[in-house]
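Numbered from 1 within each chain, the chains take letters A, B, ... in sequence-line order.
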There are 2 protein chains.
Amino acid sequence: MNKKREGKTTSKIFDDHDHGICFDDAIEQIENYFLKKNLQFTPLRRKVFEILIKDHKPLGAYEILEALGRDGFSSSPPIAYRVLDFLMKHGFVHKIQGLNAFIACSNPNHSHSPAFVICRKCEKVAEVDERKSGISFASPNIENFEVEKTTVEMTGVCTTCSSAAIM
Amino acid sequence: MNKKREGKTTSKIFDDHDHGICFDDAIEQIENYFLKKNLQFTPLRRKVFEILIKDHKPLGAYEILEALGRDGFSSSPPIAYRVLDFLMKHGFVHKIQGLNAFIACSNPNHSHSPAFVICRKCEKVAEVDERKSGISFASPNIENFEVEKTTVEMTGVCTTCSSAAIM
DNA sequence: TCATAACATGTTATAACATAACACCTACTT
DNA sequence: AAGTAGGTGTTATGTTATAACATGTTATGA
Ligand SMILES: [Zn+2]
Ligand SMILES: [Zn+2]
Ligand SMILES: [Zn+2]
Ligand SMILES: [Zn+2]
């Protein structure tokens, strides 16, 4: 078991929403995308995505593997990593580098350079839009360098956590 | 041995410079800082910093350990991780999350939220100033969230690598 | 329809990265 | 002297990720 991840609280930037709709929408979007691109949305891939979007929580590969095992799938490491790589390649999953964890994308519609806000107390993670994030990618290209991928992660404490307890 | 890191080429954003001076300056700066803060710049800490600043290359903890071993220090993992944590805490070393590697800071003078440019071919890494990076932290605070630390890493291909070979 | 290529999943083993827990030593404090 | 804090060393283990190979499954297209 992983000792680090036990998220439990909520903050304003982690928007409340009707998760039934959210979940169904996400599944529908990925289904449509896979259909359009002639990719297979296999039971395994569907299950991994469902595990991740179930409660918007970043999960480690081995946590995903446990969940897969509980649902009757193989739970050897390459299974999870391969599916995660695939889903990441198509923008439906992102890796949170600071947590060695994976999270379902919150806006798979548009191509994006996601930024993440991570509460180090509750470990909730929000994927924020570049504009909302306070970070602007003024120029995607550094001089003499072609940027292909950006990683932006902001770690701190959300209001709920900072007001809830003595630091 | 680590198979991933074998950097060898050079790009414009990775500025050429008199590394003898650079090295000596860096050592002097860290010495002064430690003196001022009443911290111990022990042989071990000095050696780790020297290993890292030696050629401005990100090194994995186990590469650092090998180097320590070669220089007569203990090379069990906690040795490296402890010293690295200490040097990071004081801003003289940064971790490159995308590489699980550590690099000596390029501007330890001012407190900074470093951004890194990483060539995925030669694996050279440049620590760039926020302003030069094309990324601006317009507002360090997200609504309802206190940002304590930001991770910004831009991965791509440097001019030298992209012009050097067929992709 | 049969070969074949490409994709998908499964398995074993191992590599790579990181920390826990405890021991020992030194320097400083009271 | 006894106590405290900091630094280093050691053993063991925990956590994250990939290599290599086997098997099954799904297009494709002679
Ligand atoms: Zn939801
Ligand atoms: Zn996304
Ligand atoms: Zn230099
Ligand atoms: Zn720096």
Could you pull out the closest heavy-atom pair between A:Glu127 and A:Pro114, with the gap in Å?
OE2-CB, 3.4 Å
Output the rounded distance in Å from CD (A:Gln40) to P (C:dT9).
7 Å
Kindly say if A:Ser74 contacts the phosphate of C:dT11, meaning a side-chain N or O under 4.0 Å from OP1 or OP2.
yes
Residue pair A:Pro78/B:Leu44 against DNA chain D: nearer the 5' end by closest nucleotide is B:Leu44
Output for pair (A:Arg46 CZ, A:Glu31 CD), nearest 0.5 Å, gives 4.5 Å
Separation of B:Ile79 atom CD1 from D:dG6 atom C1', in whole Å?
14 Å
Closest to the side chain of A:Lys95, out of D:dA17, C:dA21, D:dG7, is D:dA17
By nearest heavy atom, map B:Phe102 and A:Phe86 onto DNA chain C; which one lands nearer the 5' end?
A:Phe86
Nearest-angstrom distance from the residue atom CG of A:Leu84 to P of D:dT18:
11 Å
Per-pair stack call A:Tyr62 and D:dT16, 5.5 Å, 30°:
yes
Any idea which heavy atoms bring B:Cys161 and B:Val157 closest together, and the distance?
CB-CG1, 3.7 Å
Interatomic distance, B:Leu99 CG vs D:dA17 P [rounded to whole Å]
14 Å
Atom CG of B:Asp85 to atom C1' of D:dT8: distance rounded to whole Å?
15 Å
From the set C:dT12, D:dG9, C:dT9, return the single nucleotide nearest to any side-chain atom of A:Ser76.
C:dT12
Could you tell me the separation between the NZ atom of B:Lys47 and the C1' atom of D:dT8, rounded to a whole number of Å?
17 Å
If I take atom CG in residue A:Leu65 and atom P in nucleotide C:dT12, what distance separates them, rounded to the nearest angstrom?
14 Å
Closest non-hydrogen contact found for A:Lys95 with A:Glu153 is O-OE2, 3.9 Å
Within the pair A:Thr42 and C:dT9, is there a side-chain N or O less than 4.0 Å away from OP1 or OP2?
yes
Of the nucleotides C:dC17, C:dT9, D:dG7, which has the atom closest to the B:Tyr81 side chain?
C:dC17
Side chain to side chain contact (heavy atoms under 4.5 Å, CB included) between A:Thr151 and B:Gln97: does it pass, once the steps are laid out?
CA-CA 9 Å; A:Thr151 298; B:Gln97 296 285 358; 6.0 Å; no
Examine D:dT15: is either OP1 or OP2 under 4.0 Å from a nitrogen or oxygen in the side chain of A:Asn100? Give yes or no.
no
Is any side-chain nitrogen or oxygen of B:Arg82 closer than 4.0 Å to OP1 or OP2 of C:dA18?
no
Euclidean distance, atom CG of residue B:Leu59 to atom P of C:dA18 [Å, nearest integer]:
13 Å
5'-most contact on DNA chain D: B:Leu39 or B:Pro77, nearest heavy atom basis?
B:Leu39
